[in-house]
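First the proteins, then the strands, lettered A, B, ... as listed; each starts at 1.
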Amino acid sequence: MQDPRLEAERATPPGANAATPAAPPVEFEEVYLRYASMLRKIAVRKFRIPIAEAESLVHDVFATYFMHAASVHAVEPYLVGAICNASRYYLRRSDAAEALFCSETPCMAVPDRGLLDEIDRKLLLSRMLAGVGSRCRDLLHRYYVNGETTSAIAGAIESTPGTVLVFLHKCRKRALDAYRAISGRV
Amino acid sequence: MEHIAESELAFYAFDPTAVSEERRRAIESHIADCAVCRTAYEFFAVAEEDLSDADVWERNMGSATRESLMAYAARIAEEDEEAAELLKPLFDAPARVAWANLHRQKRFLNGGVVRQLNARALALRESEPLDALTFADAAIAIAEALPDDTYPAKAIYELRGKAWEHRAVAQTVLGDFAAAYDSLARAERAHKKLASPAFGLAAVSLIRASVHYCQQQFAEAEAIAEKAERAYAHLGDDERRMSALFLRGGIRFEASDLSGAIVLFRQVLDYGESTNNSRWIARSLNALGNCESDRGNLGEASMHFQKALALLREIGPANERISTQWGIARVLLRAGKCHEAIRRLRDAAAEFEARGIVTDAALVSLDIADGLLALDQTHQIVNLAARMFRVFTDAGMLTGALTALAYIKEAAAAGTLTPDDLQSVRVFLRQAKRQPELLFVRPPTRNR
């Protein structure tokens, strides 16, 4: 019979981890942009880890992943397993060795349908923002993320709050057009 | 159909109670029928909240984490490129690596060199374990010499852990199990320093299970292989999970728990069929053939072997194809078709021998000897054993196998050889394949 010991040793498939350079940064960047948000949300929502700490865990998970990216067969479950691992380790529910896998079935880190839908929607929104122009992007960012009031923005761009509201409306309209173009919806 | 103004839809989406009840009903009724307005409404309804999520902006506005990780990724790529160039002349000369003390030369002191050496050790650890050991040792020396904070998130420990893993596998193939356990302990310690150590720890478990398996410590081997299997399931790595599952099947087979082995190999077969993975289908069918053959279900065994052979003829590898042909020949032997079985067994032995797979060639020869014994042609067994003795000597395999083959030759010449003697040697050779240091002890003399 074929020696199964060799099967175990062949755990890394031929070609993976071979003497080729690591994937170029552009691939890493795409993986990061695709999954970073999901990992943050899993750490924060499923494990109740503070946002700043979750950011640090996500950073560390990717830092480890980049080191052996070529030998990872399935990126998404690997990263989900890794953030679960890192979160549980952070919470000291178990030591590193026991964090090898979680005892829950299915693993509590596995994102549910609602979270996956949200991630997909936000990824779409994110790509859509690339097509609204830099002025609109800046305006929307200041208003939605920085939480600046229309008055504050008006002061900064030497305008009036009313005009800022009009700009905001136009930018949302542009965003809607970009959304329609990307999503292929009417 | 007249559409609702987008400004009103936006207004309604942000706060439905801000419009009159009558107008609200009109809007709701309209968007139920109008795809254009419904799309706009849905967009506005989620945009307000979604746009407040910083993650949505990362692609366009960047973030400190992204910048830091991309600088790190660029550094990895650059290091790998430089290291590949630097190590090119050394890769075909492991002895030069052994003598060069790379870790004492500044230009070799970086993570890229460790990654390249690890990759080389991985590529060679089964076929050329001594060379793999050299590369793994060099990788370890450099990785240990690098500061702990060489990379963010203590990622240097990933490289250290991986190098110790390769060392452990090479040592296992060489039969140095005590050293392999020590290397695995070091690999484990390194991986535990990482924030997400599961990937490395799962690999350590799988290798450790293999070492226990090689030492015939089946209970420990299976418990650890199961742990690795669960870890890989958690990481969604089905290929490696199958490796762990297949190892578990092999452990059950070696422990003579054929029913248990069949259950596990069938799971591997199911996986292979569901993913259309010919390699796993062929391997599991071959393994199932062996189980059924040992259970005496020769019809089923033959069916499994024939299916496996059809695939292996197409996809290889040659050694697995020959193993399957060997299995078919054993089925014929057990069915009493000795002449046909011996003919096929001789073909399989010759193919193994031609590829330098000497121990398997000797194991096939033992099956030939079984057939010859049944045909009462013991004089041919003397020649067969003498020939295998020469093959082992020519291959430089001066192990206990030589003593075992000499014993067969003597017993056959004396006319005292029994099927039990052949089985004792068979068990020994299978163990010696994994433990080259093992010494052959002659079976107790019985009334012959």
For the residue pair B:Arg160 and B:Tyr157, would you count it as a cation-pi contact if the rule is NZ or CZ under 6.0 angstrom from the ring centre and within 45 degrees of the ring axis?
yes
Ignoring hydrogens and geometry beyond distance, is a side-chain donor-acceptor pair present between A:Glu55 and B:Thr65 at under 3.5 Å?
yes
Donor-acceptor pair between B:Tyr213 and B:Arg434 side chains, under 3.5 angstrom
yes
Sub-4.5 Å side-chain heavy-atom contact between B:Asn319 and B:Asp360
no
Heavy-atom contact with chain A under 4.5 Å, split by part of [X]:
X	answer
B:Asp237	side chain
B:Ser63	side chain
B:Ala195	both

Could you check which of A:Ala74, A:Ala130, A:Ala36 has the highest count of heavy-atom pairs closer than 4.5 Å to chain B?
A:Ala130
Let's test your reading of the structure: which of A:Thr64, A:Leu125, A:Val145, A:Val72 forms the most heavy-atom pairs below 4.5 Å with chain B?
A:Leu125
Assess whether a salt bridge exists between B:Glu229 and B:Arg248, defined as any Lys/Arg side-chain N lying under 4.0 Å from an Asp/Glu carboxylate O.
yes
Residues A:Arg121, A:Glu118: salt bridge by 4.0 Å N-O rule
no
With a 4.5 angstrom heavy-atom cut-off, is it the side chain or the backbone of [X] that approaches chain B, or both, or neither?
X	result
A:His169	side chain
A:Ala175	both
A:Tyr32	side chain
A:Val61	both

Less than 6.0 Å separating the ring centroids of B:Phe199 and A:His68?
yes
